[in-house]
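So the structure is just underneath, and the comments pick up after that.
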Amino acid sequence: MTVVDPSESSPGTRAAARKERVAGWRVGVLASPAAPVYGALIGIIVLAWIVVTIDGGEFLTTGNIVNMLQRSVALGIVSLGQTVVILLGSLDLSVAALISLSSLVTAQQMDGQPGNVIPAILIVLAMGAGVGLANGLIITKLRVNAFIATLGMALILGGIIENGWSGPQGGVTDAFSQDLGYTRFGVIPMSFILFAVVAVVIWFILRSTRFGYRVYAVGGSEDVSKLSGLRTHRTIIGAHIVCSLTAVITGIFLASRLKAGTPTVGLDGGYDLESIAAVVLGGTALTGGRGGVIGTIGGVFILAVLDNVFNQLEFNSFVRDVVRGIVIIAAVAIYARRQEKKA
Amino acid sequence: MSTENVAASGFGADEQDRGRRFLSALASTGTIFILLLILWVWITILNPTFAEPGPFLAYLKRSAPLVILAAGAYFVLVSGNFDLSVGSLVTVMVVVAARLIEGEPSRTWPVILLLLVIGAVVGFANGFISTILRVPSFITTLGMLLILNGAVFWWTGGAPRGALSDNFRSIGRQGIEGIPWIEQLPWSVLLMFAIGAASVLLMRADFGRQLIATGDNERAARLSGVRVDRVRILAFVLSGVLAAVAGILLGGFGGVSAQVGKGLEFDAITACVLGGVVLGGGRGSVVAAMAGALTLEALFTWLNLQGISGALEDTVQGVIIIGAVGFAAYRLRGAR
Amino acid sequence: MSEQTLLQMEGIRKSFVGVEVLHGVDLDLRAGEIHAIVGENGAGKSTLMKTLAGVHAPDEGTIRIDGQEVSFHHPAAAQAAGVGIVYQEFNLLPDRNVAENIFIGREPVRAGIVDRRKMERETAALLEEVGEASFGPRTPVRWLSVAQQQVVEIVKARSLNARILVLDEPTAALAEGEVELLFTLVRRLQELGVGVLYISHRLREVFALSDRITVIKDGGVVKTLNTAETNQRELVNLMVGRELDGYFPERGAKDDLGDVRLKVSGLSTALLRDVSFEVRAGEIVGLAGLQGSGRTEIARAVFGADPIADGTVEIDGKAKRFKHPRQAVKAGLGFITEDRKAEGLALAQSISDNMLLAVRTVMPSRKRRSTPGLMTVKELAEVTELRARGPEQEVRFLSGGNQQKVVLSKWLETQPGILIFDEPTRGIDVGAKAGIHDLIRKLAKDGVAVLMISSELPELIGMSDRILVMHEGVLAGELPGGASEPQIMELATGSAEVAA
Amino acid sequence: ACGSTDDPGSETTGDATPVATATEGPKTDLGENSEFFVQADYDKQLAQRSATPEGPADKPWEQMIEPGEMVDTTEFKAKKADNWNVCFSNAANDNPWRQNGGITMKAEADNTPEIGKFTVVDAEAKDDKQISDIEAMVSGGKCDAIIIAPNTTATLTPAVEKACESKIPVIVFDRGVTTDCPVTFIHPIGGYAFGADAAEFLRDNVKEGGKILALRILPGVDVLETRWSGAKGIFEEAGLNVVGVEFTDGDAAKTKSIVSDYLQREGTLDGVWMDAGATAVAMTEAFEDAGQEIPFVTGEDQNDFLTKWKEDGLKAIAPTYSNYQWRTAIIATTKILKGEEVPKEWILPQPKITQENLDQYVKPDMPPLYYALCGCEDLPGFPQKWGGK
Ligand SMILES: Nc1ncnc2c1ncn2[C@@H]1O[C@H](COP(=O)(O)OP(=O)(O)OP(=O)(O)O)[C@@H](O)[C@H]1O
Ligand SMILES: Nc1ncnc2c1ncn2[C@@H]1O[C@H](COP(=O)(O)OP(=O)(O)OP(=O)(O)O)[C@@H](O)[C@H]1O
Ligand SMILES: [Mg+2]
Ligand SMILES: [Mg+2]
């Protein structure tokens with residue numbers, strides 16, 4: 001038997017060495033396949049700018065930019081959490097109901113007392129962790145598919161909301177509402193800073209912590225991860241807790257914005273499906289394992305820009321839906337083509 | 001080849017296979033039938049009239065649209081995709097029918113034909129985008145949901161217009177009258193059984209086997225000669241056409257409404273999963289999926305009779321769905 | 001070699017769906033020992049290893065490590081106790097890089113942050129240890145060839161500093177040349193006092209490497225032997241329970257050869273350059289080469305599974321350009337893929353559905369009923385000596401060898417004129433292997449043109465009427481049947497380009 | 001928006017005192033007295049039903065009930081005599097009632113020569129979006145007046161307050177906000193009156209002890225709660241037997257199923273009370289399909305229900321939630337920009353449709369989900385713009 005030096009044996013070898021250098025760069029600089037997302041975002045901004053200008057409006061005004069930043073916060077925060085579970089190969093359809101519930105509980109716990117603000121936030125965060133834990137346990141221990149598990153959780157939370165609240169729940173303190181909901185530093189709204197902070201934290205978690213590595217691993221293949229000795233259940237539960245926490249933060253933010261909690265703010269906001277759309281628009285694969293929060297932020301901005309253009313052009317809600325649907329499908333189709341070419 | 005050493009001991013004649021296949025299918029998906037039976041019995045205890053032919057047929061009649069949708073959802077799910085657009089497609093059917101028929105009975109049949117074509121075209125678009133253009137079907141059909149909802153109301157100016165004719169409505173509302181004992185056999189129940197039987201035959205036929213193999217392992221199916229894209233597109237077309245049928249029945253049953261289809265896509269998928277269909281493809285039986293839909297409808301009835309406060313109804317429903325799916329998963333695991 | 005007992009498994013029982021697969025297996029492993037486990041497909045070797053690795057909990061029986069009773073409820077627990085395992089199936093994440101795969105679930109952290117540098121440094125060291133220089137820690141696994149992936153798997157198990165290392169058919173995916181590298185590594189670990197459990201169907205390797213051999217049959221231990229005191233003949237007899245007559249079926253006679261069935265000229269793809277050859281009816285043409293030399297690529301291109309850049313494929317004298325495998329199937333081609341789980345089988349479907357999958361795509365059921373010579377599922381099972389509970393059993397519950405028989409049946413049913421076998425006996429036991437060899441030869445005798453890719457040179461030499469050798473995407477030469485291994489390796493490694 | 005709706009979650013009240021109803025505690029099940037019930041509001045609304053409104057009799061959309069405090073609007077008088085830019089932040093356009101109103105509003109704006117531009121921004125039922133929309137209107141500095149149809153009572157308050165702080169006049173209609181800073185708030189009488197109108201009809205017609213089925217859209221929505229609590233007391237007092245209170249989700253098929261279930265269980269029903277009319281026709285069909293006579297029923301001013309009522313001779317009543325308030329919003333805005341005074345709270349009449357006046361409301365040529373209290377017949381473009389022929 002001849003021993004072969006593998007370094008000279010195949011064409012693939014040389015190619016691999018070259019690819020490795022590229023890979024190093026890619027891993028280092030652009031950890032996620034986010035580049036096309038931002039390409040699309042820039043394209044849409046340019047298009048929007050042209051269309052709005054032709055229509056006789058102004059697009060890149062301060063007011064408009066503030067409006068877009070502000071409008072991206074709620075969807076943005078929850079989409080960050082959704083990114084984590086989708087990367088994991090799961091998804092969460094209960095976020096909308098949880099957003100409503102946390103806005104209500106926030107308002108209820110604050111009860112108009114400034115001293116209650118911090119305890120209220122802690123209570124609501126604990127509640128979010130509990131819901132995430134429940135989702136995770138249902139998925140891992142009861143082995144219910146995430147789609148059904150979180151759909152069921154959405155029903156459960158919906159029932160709790162209906163049973164517990166008959167309408168908006170007041171009680172958010174003036175100061176809290178002002179601080180988080182309305183303060184602005186120049187063009188940057190305070191809430192946008194919250195979004196940015198959450199984004200950085202989750203980006204860091206995914207990129208640099210064990211938990212983040214494991215999320216990608218489990219998303220790549222749960223079986224392989226498990227057989228490799230990874231405690232997959234813990235990772236799945238952890239990711240669902242993170243996702244629920246972002247939903248809860250969104251709920252707290254919306255409570256500050258509305259100065260009240262409402263039973264409908266989550267579902268009417270469509271945060272369940274829209275957050276998934278934003279994540280996929282951001283180039284994260286629904287099958288898990290590929291993508292990241294940077295792309296998601298791009299996806300959220302795309303939706304925010306669209307929203308803003310719709311307002312400027314006074315589209316009615318039906319035209320908006322049609323355009324949104326087309327943009328979502330078209331963008332993802334373009335990513336898919338790129339992916340195919342690369343492969 | 002030596003035939004003395006036949007290891008294939010369990011292989012009987014092909015005729016026996018049929019029976020075996022049926023039994024093994026029943027065993028692996030049995031949970032849903034047990035659950036369905038329990039619910040029927042329980043409902044009958046709460047309300048004895050339920051077991052009488054009239055009321056029971058009324059229950060079947062009201063379940064028919066969801067059962068048909070579940071069959072459609074099954075084809076798509078088992079091939080490894082999602083169809084979230086069926087709910088809005090149902091709405092489109094009713095709104096388009098009302099606007100085009102405007103109460104004229106003579107327009108009914110052409111319009112029904114048109115509706116089926118619309119269903120097929122939408123299904124084809126879903127399938128084409130999801131396969132040839134490689135957009136994940138979750139996103140394709142989510143986008144389609146938005147497009148359909150927007151487009152139909154854009155066309156009608158926000159609210160349904162026109163009216164459905166009586167003969168259009170009779171499909172979902174009436175049936176064959178004067179049958180002894182059961183009085184009326186609703187068309188929708190007949191249609192439901194016909195579609196059920198056709199679906200079973202389809203899944204047993206080459207198409208069905210190729211479809212489920214595609215959902216199980218696309219690469220293997222392709223390398224065996226299966227035209228996986230075509231098979232999947234067909235599944236979407238079936239889903240679209242069945243959504244059209246469900247829309248026709250629902251329009252007939254309930255009349256014109258802007259939101260007949262709301263949330264039906266989730267109900268249909270839930271029904272399938274209750275019936276043991278595995279999201280991601282490759283596993284599950286169409287009969288069980290349809291039984292899942294009957295179970296879901298029975299569950300709604302049960303919740304009603306149980307007098308659970310309207311507010312907590314959703315909560316109970318969520319718990320039961322999770323519980324049932326969890327139990328089925330446990331049984332499957334235990335049985336492995 | 002020390003005599004200290006490292007691992008003791010006693011009375012291990014395990015059932016699936018109420019069917020018992022292991023009936024009380026006893027096994028022990030000493031430190032610094034290489035203990036081979038052999039047995040037919042489906043004997044329960046992998047299942048036994050999985051009970052050791054914490055994947056399956058045994059229904060009964062005890063596992064002791066260093067005399068301490070252990071019970072693992074999760075693979076992580078087994079790892080912690082010093083058990084490392086390379087599974088029979090690939091167990092890597094294609095989207096993650098080599099370092100991430102090796103340290104999956106055990107990423108080194110500093111102050112809560114994953115220490116990427118350390119991870120990569122250690123990976124580089126581990127790769128260096130096995131002499132692997134063709135890729136580095138940051139290469140995504142997706143880009144690696146099968147052989148390179150196997151190296152990663154072994155390095156991954158090694159990185160655990162396991163005291164017990166299980167290798168479940170580690171060489172199944174390796175070409176002969178690359179096996180030696182693995183052996184060197186295993187022997188080095190042995191010196192370090194690691195106990196190795198080594199599963200293989202290649203008896204030659206077993207004899208070359210092991211200290212003791214345990215034969216498992218139908219879920220029970222037949223016998224444990226000292227390698228030095230036994231021979232292949234005895235081993236095969238113990239495994240199969242009968243004498244195997246000749247190792248390879250007789251070659252076809254010259255006048256059995258018919259017309260040219262498959263003619264490939266100037267075939268080029270992304271990986272191939274100007275490949276030309278032909279296969280006649282009744283002929284078995286072997287295709288040799290190292291991993292990644294482009295053998296599978298030829299098969300896929302001919303079959304219409306991958307696009308062709310240039311060149312022509314002629315079937316029975318007619319030029320064809322298949323855009324989809326279905327057209328190839330219609331034209332009478334069959335393709336037994338090398339990776340049966342990923343490309344050969346719909347694992348959740350029944351045996352009968354898998355067997356009929358290909359024929360269904362080209363022949364409507366009405367026509368099937370009227371076509372003579374089509375076998376029933378039962379007949380297919382008989383012909384291939386399939387061991388299964390019945391036609392409705394899901395193929396994922398079959399052992400690897402029996403799965404392969406299902407794949408073969410799928411193509412037999414289409415009555416092909418040309419069959420391409422890619423690693424037809426990978427991971428298949430000696431008994432079944434002989435059966436498959438007989439089958440291939442019988443098909444050739446019946447006029448099928450066979451193209452057989454194999455990394456196992458004895459098989460290739462024993463079976464082929466002619467042998468083509470690939471080197472870096474080019475056809476390096478052709479040898480007659482019965483050529484010697486060194487002749488083939490020279491061409492395959494490119495060290496004797498002129499030789500042909 | 002009560003009335004028509006598919007999305008009751010987003011409905012909130014046009015009640016006179018939204019502050020009082022907005023944040024009451026958890027709602028209770030049927031049976032107990034709702035914590036929503038505010039006796040004073042109830043009494044007031046019931047009295048307002050019989051009050052004679054001020055204003056032209058043939059233009060109910062210009063009428064006002066007990067106008068009370070009038071606001072001096074000279075500070076808002078527009079500098080320009082015309083070419084005003086009126087901005088409208090709409091909660092949503094997601095149900096026929098709103099759709100119908102939106103068309104009327106646009107037509108009235110087009111019909112007002114002083115209004116040069118009428119800008120509509122649709123919040124798609126999202127509170128958060130509507131807040132941003134209003135902020136953008138204020139900061140954009142291009143609006144001469146801002147009309148707001150809030151998505152939810154309490155939650156739009158901060159945004160409305162912000163808008164009030166600018167010099168731009170703010171007009172609120174339909175659902176309220178928990179602040180009185182807008183120049184005027186336009187709404188019909190309210191939910192108690194709606195519920196009571198329907199309940200009194202059943203009380204007057206169904207014999208004592210008769211079986212009544214109450215159909216509601218969803219639990220836990222304040223405006224719907226007021227409709228139900230407005231009715232419940234009347235049923236109790238009259239000794240009617242409410243055999244069930246069920247939630248339909250505004251879904252016709254579900255409504256039909258529920259009614260058929262009750263017919264099976266109870267044999268017959270003597271009356272059906274509904275808190276909104278969207279599924280009234282489906283409800284009556286359940287009786288037809290069961291081969292029973294349709295008993296005394298209540299609905300709303302949707303054309304399909306009125307048509308069926310007339311054609312099949314139903315014994316029915318249709319309380320309304322006046323759709324013409326959309327038109328009033330523009331009229332009020334015009335007045336304000338001209339510096340004319342408007343009432344602080346502009347309460348519109350809320351007629352009920354009965355057997356006597358049914359003929360005047362049925363419009364055979366209008367679509368099924370056209371609202372009889374449109375108040376749009378004299379606007380240019382009628383009936384085509386509203387989907388009629
Ligand atoms: N270095 C590499 N980089 C990327 N892909 C590679 C590399 N080496 C091999 N491959 C992939 O693996 C395959 C190697 O070629 P091919 O499978 O045709 O070789 P082979 O001789 O049949 O080897 P094998 O025994 O693995 O089948 C190609 O399909 C290619 O996609
Ligand atoms: N998860 C499972 N569920 C049901 N049956 C199983 C499962 N895993 C293995 N089996 C069955 O257990 C038996 C032993 O399989 P195992 O994989 O251990 O065989 P093996 O000796 O490794 O064979 P091979 O040499 O082909 O790899 C086979 O009959 C197989 O069908
Ligand atoms: Mg094995
Ligand atoms: Mg190969």
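We name chains A, B, ... by the order of the sequence lines, and we start the count at 1 in each one.
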- Message: Salt bridge check, C:K14 against C:E20: does any charged N sit closer than 4.0 Å to a carboxylate O?
- Response: no
- Task: State plainly whether the residues C:D59 and C:R13 are in salt-bridge range, i.e. N to O under 4.0 Å.
- Result: no
- Note on the structure: Most contact-rich option vs chain C, by heavy-atom pairs under 4.5 angstrom, among B:I212, B:N217, B:D216, is B:D216
- Query: Counting heavy-atom pairs under 4.5 Å to chain C, which of B:G215, B:A220, B:A213 comes out on top?
  - Reply: B:A220
- Task: With a 4.5 angstrom heavy-atom cut-off, could you sort out which part of C:K330 is near chain B: side chain, backbone, both or neither?
- Result: neither
- Region of C:T414 in contact with chain B, defined by heavy-atom distances below 4.5 Å: neither
- Query: Do side-chain atoms of C:E413 reach the backbone of C:S409 as a donor and acceptor pair under 3.5 angstrom?
  - Reply: no
- Message: When you measure from the side chain of C:N402 to the backbone of C:L398, do you find a donor-acceptor pair of N or O atoms at a distance under 3.5 Å?
- Response: no
